Amino acid sequence: MPELPEVEVTRRSLLPFLVGRPVARVKTTRPSYVFVTPPDRIRKALQGRTVQDIDRLGKYLLLRLDDGNSFVIHLGMTGQLFSAMATSPRLLSATARSSLPPEEQLRFKPDPHTHMVFSFDDEGPDVYFRDVRKFGKLFLLAQDEVHPRLERLGLDALEVTGEHLFASSRKRKTPIKALLLDQAVVAGVGNIYADEALFLSGVRPGRRAARITRAESKRLSDAIRQVLQRSIETGGSSISDYVAPDGQDGAYQDERHVYARKGEPCKRCGAAIVRRVVAQRSAHYCPQCQK
DNA sequence: TCTGTCTCCTGAGAGC
DNA sequence: TGCTCTCAGGAGACAG
């Protein structure tokens, strides 16, 4: 699932496929859950425009257009942005792959889950937005517009400080993990990296946020930045559907300490990793290393 | 204001 | 083998 590292890797990888290429045509599927802005308005707004740059705010990608407006993309859980040149088994579901001959299982062809296709004036490849579960979000942002989805975002997770976490957690009865997942507090952290950062800082996910000490807040903020930076370096986590725009898998999943390792031995102490539900989310931790 | 619950969606995997 | 059910998760809406 795309969190800050996967979105940042997508942003960097997408630059050569989008920036500076005049958009000739945009195809979309019918209005659905992914289109915050109606798809016909998106098509009109993008056709003929050129993406000048791509920014990131938390887990949102902002395509800066040459007319001053922006097109905003959130990948949700299963969103994929990739070039038509990309080849990866992750671009099709296992069910879809099983119905195809081996030679056609890697090369992607637009399917019903492909909600947008960008075509360009040059001879270069199209760019696809695909999202099986439709938890992604697509919307236009006018120049100088302040969108409530972006306005509420807290400090970017790569810049989070111990003091910010400590101040944000005072008087909060919610578990510390729920606080980390609150995008209004830290923008960019999701389930995987919250678990990993809590492990590295030695804090259990179910601890009440207000009970976290200043020293623990510092360790936690350091751990958040550390796991996110490391994941970006390794291309993100390809645990389920995530694939970079060039078709490459990330490698951070091989470095996980706790996430989705229920019952496996802790890499530090050997104790079995525990899974429990915290704030309606699965949380994984080491009962020995995390207090 | 804070917290918990529900909702959206669909593929994967478990269980029968 | 095939069917049914449960689970996973980001984030907004809503109720208490």
Side-chain angles (χ1 to χ4, degrees), chain A residues 1-8 10 29-37 56-61 72-81 88-100 105 108 111-115 129-139 147-154 156-157 167-196 205-212 228 236-243 253 256 258-263 275-284:
Chain A
M1 61 218 77
E3 300 181 28
L4 187 149
E6 292 75 34
V7 176
E8 178 61 21
T10 295
T29 47
R30 291 178 297 172
S32 70
Y33 199 62
V34 297
F35 293 105
V36 178
T37 301
R56 181 188 57 76
L57 281 177
K59 302 178 194 173
Y60 290 88
L61 285 172
V72 185
I73 301 172
H74 190 295
L75 298 175
M77 270 191 64
T78 53
Q80 298 168 318
L81 260 173
S88 167
R90 294 183 191 277
L91 298 177
L92 284 175
S93 69
T95 307
R97 277 200 306 278
S98 65
S99 65
L100 294 172
Q105 292 184 4
F108 178 75
D111 60 5
H113 304 302
T114 310
H115 301 290
F129 171 75
R130 181 171 181 269
D131 187 1
V132 171
R133 295 188 194 173
K134 299 181 182 173
F135 278 15
K137 290 285 173 283
L138 305 171
F139 59 93
H147 197 284
R149 286 174 186 267
L150 305 179
E151 189 184 24
R152 68 180 290 276
L153 293 177
D156 191 88
S168 302
S169 60
R170 297 309 87 188
K171 297 183 182 175
R172 294 289 294 267
K173 295 177 183 173
T174 195
I176 183 63
K177 172 151 180 183
L179 190 87
L180 295 182
L181 295 177
D182 185 348
Q183 301 300 296
V185 176
V186 186
V189 174
N191 216 25
I192 300 173
Y193 299 105
D195 278 1
E196 293 299 311
R207 281 263 302 278
R208 188 177 281 201
R211 298 270 176 94
I212 301 298
L228 296 180
S237 299
S238 289
I239 290 176
S240 54
D241 303 86
Y242 173 71
V243 61
Q253 66 274 11
R256 282 172 296 141
V258 288
Y259 182 79
R261 294 192 64 239
K262 177 187 171 187
R275 175 194 178 275
R276 61 172 281 217
V277 175
V278 174
Q280 284 78 54
R281 291 284 178 274
S282 61
H284 308 79

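Note that the coordinates shown come from a computational prediction; the quantities given were computed from them, not determined experimentally. In what follows, chains carry the letters A, B, and so on, assigned in the order in which the sequence lines appear, proteins first and then strands, with residues in each chain numbered from 1.
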> From the list dA11(C), dA8(C), dT3(B), which nucleotide is the closest neighbour of the side chain of H74(A)?
Replying inline: dA11(C)
> Considering only side-chain heavy atoms of R275(A), which listed nucleotide, dC9(B), dT3(B), dA8(C), is closest?
Replying inline: dA8(C)
> Does the side chain of R281(A) get closer than 4.0 angstrom to OP1 or OP2 of dA8(C) through an N or O atom?
Replying inline: no
>> Please report the distance, rounded to the nearest Å, between CZ in R130(A) and C1' in dC9(B).
In response: 14 Å
> Between F129(A) and H115(A), how do the two ring planes meet: parallel, tilted or perpendicular, split at 30° and 60°?
Replying inline: tilted
>> Ignoring hydrogens, what is the shortest heavy-atom contact between R149(A) and V36(A)? Give both atom names and the distance.
In response: NH2-CG2, 4.1 Å
> Do the side chain of R276(A) and the main chain of S282(A) share a donor and acceptor less than 3.5 angstrom apart?
Replying inline: no
> Taking the side chain of Q280(A) as heavy atoms from C-beta outward, which of dG4(B), dG10(C), dA8(C) is closest to it?
Replying inline: dG4(B)
>> Quick check for you: among dC2(B), dG4(B), dG12(C), whose closest atom lies nearest to any side-chain atom of T174(A)?
In response: dG4(B)
> Rounding to a whole Å, what distance do you find between D182(A):CG and dC2(B):C1'?
Replying inline: 10 Å
>> Quiz question: going by heavy-atom distance under 3.5 Å, is there a donor-acceptor pair between the base of dC9(B) and the side chain of Y33(A)?
In response: no
>> If the test is side chain to side chain donor-acceptor pair (under 3.5 Å), which one of R281(A), H284(A), K177(A), E196(A) qualifies with N191(A)?
In response: K177(A)
> So E3(A) and L228(A), side chain to side chain contact (heavy atoms under 4.5 Å, CB included) or not? Walk me through it.
Replying inline: CA-CA 9 Å; E3(A) 300 181 28; L228(A) 296 180; 5.6 Å; no
> Separation of F135(A) atom CZ from dG10(C) atom P, in whole Å?
Replying inline: 10 Å
> Is a side-chain N or O of Q183(A) found less than 3.5 angstrom from the main chain of G58(A), in a donor-acceptor match?
Replying inline: no
> With a 4.0 Å cut-off, would you call D195(A) and R256(A) a salt bridge?
Replying inline: no
>> dG9(C), OP1 or OP2 - any side-chain N/O from S282(A) closer than 4.0 Å?
In response: yes
>> Is the phosphate of dC8(B) approached by K137(A) (side-chain N or O, under 4.0 Å from OP1 or OP2)?
In response: no
> Between L180(A) (CG) and dT3(B) (P), how many Å, whole number?
Replying inline: 14 Å
>> What is the separation between atom OH on Y259(A) and atom P on dA8(C), rounded to the nearest whole Å?
In response: 9 Å
> In whole Å, what is the span from the CZ atom of R133(A) to the P atom of dA8(C)?
Replying inline: 11 Å
> To the nearest Å, how far apart are L153(A) CG and dG12(C) P?
Replying inline: 8 Å
> Would you call R275(A) and V277(A) a side-chain contact if the rule is heavy atoms closer than 4.5 Å?
Replying inline: yes
>> Can you pull out the residues from residues 205-212 of chain A that lie within a 4.0 Å heavy-atom distance of DNA chain C?
In response: none
> Roughly, in whole Å, what's the span from CE in M77(A) to C1' in dA11(C)?
Replying inline: 12 Å
>> Looking at dC9(B), I'd like to know if its phosphate oxygens (OP1 or OP2) sit under 4.0 Å from a side-chain N or O belonging to H113(A).
In response: no
> Does the side chain of R152(A) get closer than 4.0 angstrom to OP1 or OP2 of dA11(C) through an N or O atom?
Replying inline: no
> Out of dG9(C), dA11(C), dT10(B), which nucleotide sits closest to the side chain of K134(A)?
Replying inline: dT10(B)
